[in-house]
Amino acid sequence: MAEPSTITDPTDPRLADYTGLTDVELRRRREPEEGLFIAEGEKVIRRAVAAGYRMRSMLLTPKWLDVMADVIAETPAPVHVVEPGLAEEVTGYHVHRGALASMERKPLPEAAELLGGARRVAVLEGLVDHTNIGAIFRSAAALGMDAVLLSPDCADPLYRRAVKVSMGAVFSVPYARLDPWPAALATVREAGFELLALTPAGADDLNATAPHTLPKAAVMLGAEGDGLTPKALAAATRRVRIPMSHGIDSLNVGAAAAVTFYAVNTGL
């Protein structure tokens with residue numbers, strides 16, 4: 001256990017991991033290269049630690065010292081205590097949850113490794129919105145998906161916003177990158193999965209497909225607006241759609257993912 005230390009200088013080098021968190025491009029350049037990510041809030045920090053991620057440091061406002069006392073006692077990582085105003089100055093936003101932790105990343109597994117023990121997986125193409133990524137991981141964890149596979153251009157699931165929206169579910173569902181894309185989709189098919197492409201055009205109704213009866217199902221989801229690319233659609237085993245009413249042709253990808261994950265596990 002490291003004794004918490006109070007910091008009053010926003011330029012203190014011990015706070016380097018937390019500087020400029022609102023600058024998305026800066027975080028994209030730093031986080032993967034340095035092998036770190038930021039966990040925000042008590043529940044998310046606890047879930048990251050429970051999932052085996054090693055803590056580099058914690059940044060807490062004074063009122064969170066007692067709340068996080070058991071976590072502090074179990075980690076040798078330094079704990080930096082700052083006033084709320086200084087936390088906002090350092091990070092670039094209002095740290096309303098009062099607790100941040102800098103965590104070390106783990107090496108990503110190979111897709112084939114995850115597929116070996118899975119029955120239900122999500123395959124995401126071109127999702128660059130961190131909020132959508134976080135929402136999909138939360139649904140995947142809650143609704144029984146075994147893994148998430150990402151195209152190379154998908155956003156980072158461990159980016160702060162994605163982790164926050166997922167409430168730490170990104171630590172519960174294993175994920176890997178499928179590269180090269182879309183050729184690597186062959187790996188999914190070779191593992192015995194039916195590739196179900198979610199698309200509103202030229203597709204069968206999801207409930208009529210009875211996806212919950214499939215031995216292995218992979219749900220393919222594309223980005224908002226454009227959806228799955230023609231090459232990804234061509235690789236699918238079957239195209240499916242969620243039945244809609246009132247002239248609506250599609251849902252937000254996060255909502256569509258939740259409905260489909262439920263369908264492939266229990267049926268609609």
Side-chain angles (χ1 to χ4, degrees), residues 1-24 26-28 30-107 130-131 133-143 155-175 254:
M1 171 183 173
E3 189 68 26
S5 59
T6 299
I7 296 178
T8 58
D9 181 1
T11 65
D12 192 303
R14 290 174 291 178
L15 302 180
D17 283 357
Y18 304 96
T19 58
L21 295 184
T22 58
D23 185 338
V24 175
L26 175 62
R27 301 311 299 181
R28 283 178 179 166
R30 286 182 54 198
E31 289 180 347
E33 182 178 335
E34 296 181 11
L36 67 89
F37 68 92
I38 301 297
E40 179 182 357
E42 177 197 358
K43 288 182 179 179
V44 173
I45 293 172
R46 291 183 183 277
R47 287 172 181 170
V49 171
Y53 289 91
R54 195 178 83 82
M55 187 182 295
R56 292 161 58 107
S57 67
M58 264 197 294
L59 180 68
L60 304 176
T61 55
K63 73 174 186 177
W64 286 91
L65 280 169
D66 288 342
V67 177
M68 302 300 291
D70 59 320
V71 179
I72 294 170
E74 293 297 323
T75 179
V79 178
H80 311 311
V81 183
V82 299
E83 291 299 323
L86 183 63
E88 184 171 352
E89 184 178 353
V90 169
T91 63
Y93 73 100
H94 178 54
V95 187
H96 65 280
R97 294 179 186 268
L100 297 172
S102 173
M103 313 292 295
E104 287 190 358
R105 291 172 179 260
K106 299 177 183 178
H130 293 100
T131 298
I133 289 285
I136 289 171
F137 267 85
R138 188 172 184 181
S139 293
L143 298 172
D156 179 11
L158 293 185
Y159 180 71
R160 182 182 61 85
R161 179 65 179 168
V163 174
K164 180 180 177 182
V165 170
S166 80
M167 290 297 292
V170 293
F171 310 132
S172 302
V173 183
Y175 68 93

Review point. Is there a donor-acceptor pair closer than 3.5 Å between any side-chain N or O of Ser166 and the backbone N or O of Val163?
Key: yes
**Study point:** For Asp70, all residues meeting salt bridge (Lys or Arg N to Asp or Glu O under 4.0 Å), sequence neighbours excluded
**Key:** Arg46
**Study point:** Side-chain heavy-atom pair Met58, Val71 within 4.5 angstrom cut-off
**Key:** yes
Practice item. Over 60° means perpendicular and under 30° means parallel, so classify the ring planes of His130 and Tyr159, tilted if in between. Key: tilted
Check your understanding: Between Ser5 and His80, is a side-chain contact (heavy atoms from CB on, under 4.5 Å) present by the stated rule, with each step listed?
Key -> CA-CA 5 Å; Ser5 59; His80 311 311; 3.9 Å; yes
Exercise for review: For Lys106, look at atom NZ and say whether over 12 heavy atoms of other residues, nucleotides or ligands are found less than 6.0 Å away.
Suggested key: yes
Practice item. Could you check if a side-chain atom of Ser172 sits within less than 4.5 angstrom of a side-chain atom of Arg47, using non-hydrogen atoms only? Key: no
Review point. Taking all non-hydrogen atoms of both residues, which atom of Leu100 and which atom of Tyr93 are closest, and how far apart?
Key: CD2-OH, 3.5 Å
Point to revise | Min side-chain heavy-atom separation Met103-Val49 under 4.5 Å | key: yes
Point to revise | Those residues that, when tested against Ala135, pass side-chain contact (heavy atoms from CB on, under 4.5 Å) (two or more places apart) | key: Val165
Review point. Listed by chain and number, what are the side-chain contact (heavy atoms from CB on, under 4.5 Å) partners of Val90, not counting sequence neighbours?
Key: Pro10, Leu15, Tyr18, Thr19, Leu86
Check your understanding: Sequence neighbours excluded, which residues qualify as salt bridge (Lys or Arg N to Asp or Glu O under 4.0 Å) partners of Asp12?
Key -> Arg14
Practice item. Check Ile133 against Ala162 and note the closest heavy-atom contact, atom names and distance. Key: CG2-CB, 4.2 Å
Review point. Is Thr91 close to Ile38 at the side-chain level, that is, under 4.5 Å between some pair of heavy atoms?
Key: no
Review point. Can you name the side-chain contact (heavy atoms from CB on, under 4.5 Å) partners of Arg54, sequence neighbours left out?
Key: Glu104
Practice item. Might you point out which heavy atoms bring Val173 and Ala140 nearest each other, and give the distance in Å? Key: CG2-C, 4.1 Å
Check your understanding: Is there side-chain contact between Leu65 and Pro4, with at least one heavy-atom pair below 4.5 Å?
Key -> yes
Revision key, fill the gap. Nearest heavy-atom contact between Gly254 and Ile136 is CA-CG1, 4.1 Å
Check your understanding: Taking side chain as C-beta onward, heavy atoms only, is Val44 less than 4.5 Å from Lys164?
Key -> no
Practice item. Nearest 0.5 Å please: distance from the CZ atom of Arg160 over to the CD atom of Glu40. Key: 5.0 Å
Review point. When rounded to the nearest 0.5 angstrom, what distance separates CZ in Arg56 from OG1 in Thr75?
Key: 12.5 Å
Exercise for review: Determine whether Val79 and Trp64 make a side-chain contact, defined as any pair of heavy atoms from C-beta on separated by less than 4.5 Å.
Suggested key: no
Practice item. Only counting residues at least two apart or in another chain, list the ones meeting side-chain contact (heavy atoms from CB on, under 4.5 Å) with Ala51. Key: Tyr53, Phe171
Check your understanding: CD of Glu89 to OG1 of Thr11: how many Å apart, nearest 0.5 Å?
Key -> 9.0 Å
